[in-house]
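One structure is given here, and the rest of the page talks about it.
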Amino acid sequence: MRLSHISLSNLKRRKGKTLFLALGLLIGIATVVTLLSITQAMKEDINKKLDEFGANIVIVPKSDNLSLSYGGVTISSVSSEVKELSEEDAAKIRTIKNKENINIVAPKLLGAVDAEGKRALLVGVLFPDELKLKKWWEWKGKKPSNSNDLILGSEAAKKLRKKISEKLRINGEEFRVVAVLKETGSQEDGLIFADLKETQKLLGKPGSISLIEVAAWCYSCPIEEIVRQTSQVLPQAKVSAVKQVVQSKMYTLEMFSQFSIVLSLVVLFIGSLIVLTTMMSSVNERTREIGIFRAIGYRKSHIMKIILLEALVVSLASGLLGYLLGTSTAKLLAPKVAGLSVAIGWNPLLVIGAVGLAILIGLLGSLYPAWRASHLDPAQALRFI
Amino acid sequence: MEKFIVVEKVKKIYHGPEGGVQALRQIDLTVDEGEFVAIMGPSGSGKSTLLSIIGAMNPPSEGRLLVDEIDIYGLRQEKLADFRHEYLGFVFQELQLIPYLTAIENVLLPLAISNNISSKEKWQLAQEVLEKIGLGDKARRLPSQLSGGEQERVAIARAIVSDPPILLADEPTGSLDSKTGEEIMKLFQILNQEEQRTIIMVTHNREAAQFAQRVILIRDGEIIGEERLKT
């Protein structure tokens, strides 16, 4: 027989108290695990959906002129007085230190054109990158596959009275409309999208680029860092971060994260109070028993060991069950409440964390009761006095 | 016979909100090795206080206790616990068995902190002691499943399992009927005579005291007389 035998037997005897103690810890740990899992899933969700937010860095030539607005993004003037960017500039973006964080580089050339007698704004793009960048685009028709294929904004299609498969002459060159965008509510509705090379040829600006939209994501470093690095490789350009979308998401996440931490601390504090009061009442009920142990020759350290072992066993079980309950709750809540599409898995690191935290709280909450028990006067406990 | 336990000029004052209460005025007492001594006196006479002082659980206000020439209250707390473990076996006033442990587990309690024997040997030893006191077949029963006399025997088994030289008993027959009480006292007598254990028993029961070799009479915190008996 060992001291652990006494601890385990006592836990078995005091089923009600043991259950109460375990529940206090279990609820605390489960809450922490749920909040942590959901916060983590939200971060992963943002990461996963990042390309759906579109570009978050816009690069335009440096200009002293007033700004123009494009796609809800404020950009510098694209007038001909400014030295435009080049395709080489676009390639340089992929040479920065954080190049792994660059998802999409979408260069564009803008220019006013004559489309069958009407003035229009033509945007030359690299279609594969542009379509990857603008996940929210919905269109009728098919993806452009030839250099003279066009995509028209819904407004442009209406004003030019063009339907899919119809031809459109721009600056005297013949193009074919392969797709028409559904209304986006932005300036894109009035634009004509063509292949970049064709546009450069049409506008007489080979190799030129008006602006570059970049979708970048850096989980561990701020977007400002990527902006800084890009500015270094493109000193003639103005590099700005479009932060609103990501930042508001990140802000919400940060708020939720802070709320989770505060709530976790409160719940854990309550958990440790439950441990403290339950263990104290257990010690008070066992005064005579502890007196017997001391009379038999148990050292103070033996008494502490018995009490702390009880706390350890309950904490261990509560930690494990708390993890299971917390993760199950997160799995259940994440898609329904937080609308997350990321699957919450069983995380071995979180198991260790949950059990470790439960043990820490269990032992901390039991330390004083154990100390009290070990310092009981045996003569008083046995009512010799 | 050498002087095994020496209680030297021991006084005990309990301090309360209404001032000090002198539980023991001045006690001088020696107990030889292998002696069976009964301490008799009415309630409140200080006999339990004296036993707790001899039991290394209650330091005297004045005077000292020597056991086997060791100045017990000169020891540090943990050494005091070790002394109790090595030298003393207690049989308490009320049947102080741990209710959630079986008879054999209760007997095993003093051995749980012994590191010099294996777990298997501990269980064997506890079983042997239970058999010696006639409870070998009830080892797995909880205290609540045992009669008063059986519980008393389990308490005695627990007191002797680690083979301490001194047994301290506080009213061991207090809650037993006279027949069972006599059986228990006979058991004490055997432990004293056959195993040469020194026994100090506090009682107010004269019949129980008759099993001792010497009866110390105590009243108002003072020894008022002693009686040597032929057993």
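In the text below, chain A, chain B and the rest are named by the order of the sequence lines, each starting its count at 1. All values below were derived from every heavy atom in this structure, side-chain atoms included, with hydrogens, water molecules and symmetry-related copies excluded.
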Would you say Tyr298(A)'s side chain and Leu109(B)'s backbone share a donor-acceptor pair under 3.5 angstrom? yes
Please tell me if the side chains of [X] and [Y] come closer than 4.5 Å, counting only heavy atoms from C-beta onward.
X: Ile296(A); Y: Phe90(B); result: no
X: Ile292(A); Y: Arg158(B); result: yes
X: Arg2(A); Y: Ile113(B); result: no

Sequence neighbours excluded, every pair satisfying salt bridge (charged side-chain N to carboxylate O under 4.0 Å, His left out) that has a member inside residues 108-129 of chain B: none
Apply side chain to side chain contact (heavy atoms under 4.5 Å, CB included) to the pair Glu289(A) and Tyr100(B), showing each step before the final yes or no. CA-CA 11 Å; Glu289(A) 185 182 315; Tyr100(B) 54 86; 2.5 Å; yes
Set of salt bridge (Lys or Arg N to Asp or Glu O under 4.0 Å) partners for Lys300(A), sequence neighbours left out: none
Looking only at Arg286(A), Lys305(A), His5(A), the option with the highest number of non-hydrogen pairs under 4.5 Å against chain B is His5(A)
Pick one of side chain, backbone, both or neither for [X], based on which atoms fall under 4.5 Å of a heavy atom in chain A.
X: Leu108(B); result: both
X: Glu86(B); result: neither
X: Ile98(B); result: side chain

Within residues 7-21 of chain A, residues adjacent to chain B where the heavy-atom gap is under 4.5 Å: Ser9(A), Asn10(A), Arg13(A)
I would like to know whether Met57(B) and Asp377(A) meet side chain to side chain contact (heavy atoms under 4.5 Å, CB included); could you show each step before the answer? CA-CA 8 Å; Met57(B) 288 192 285; Asp377(A) 183 345; 5.7 Å; no
Among Arg84(B), Glu78(B), His85(B), side chain to side chain contact (heavy atoms under 4.5 Å, CB included) partner for Arg299(A): Glu78(B)
Please tabulate, for side-chain N and O atoms in residues 256-264 of chain A, each donor-acceptor pair with protein atoms closer than 3.5 Å (sequence neighbours left out).
from, atom 1, to, atom 2, distance (Å)
Ser260(A), OG, Phe256(A), O, 2.7
Ser264(A), OG, Ser260(A), O, 2.6

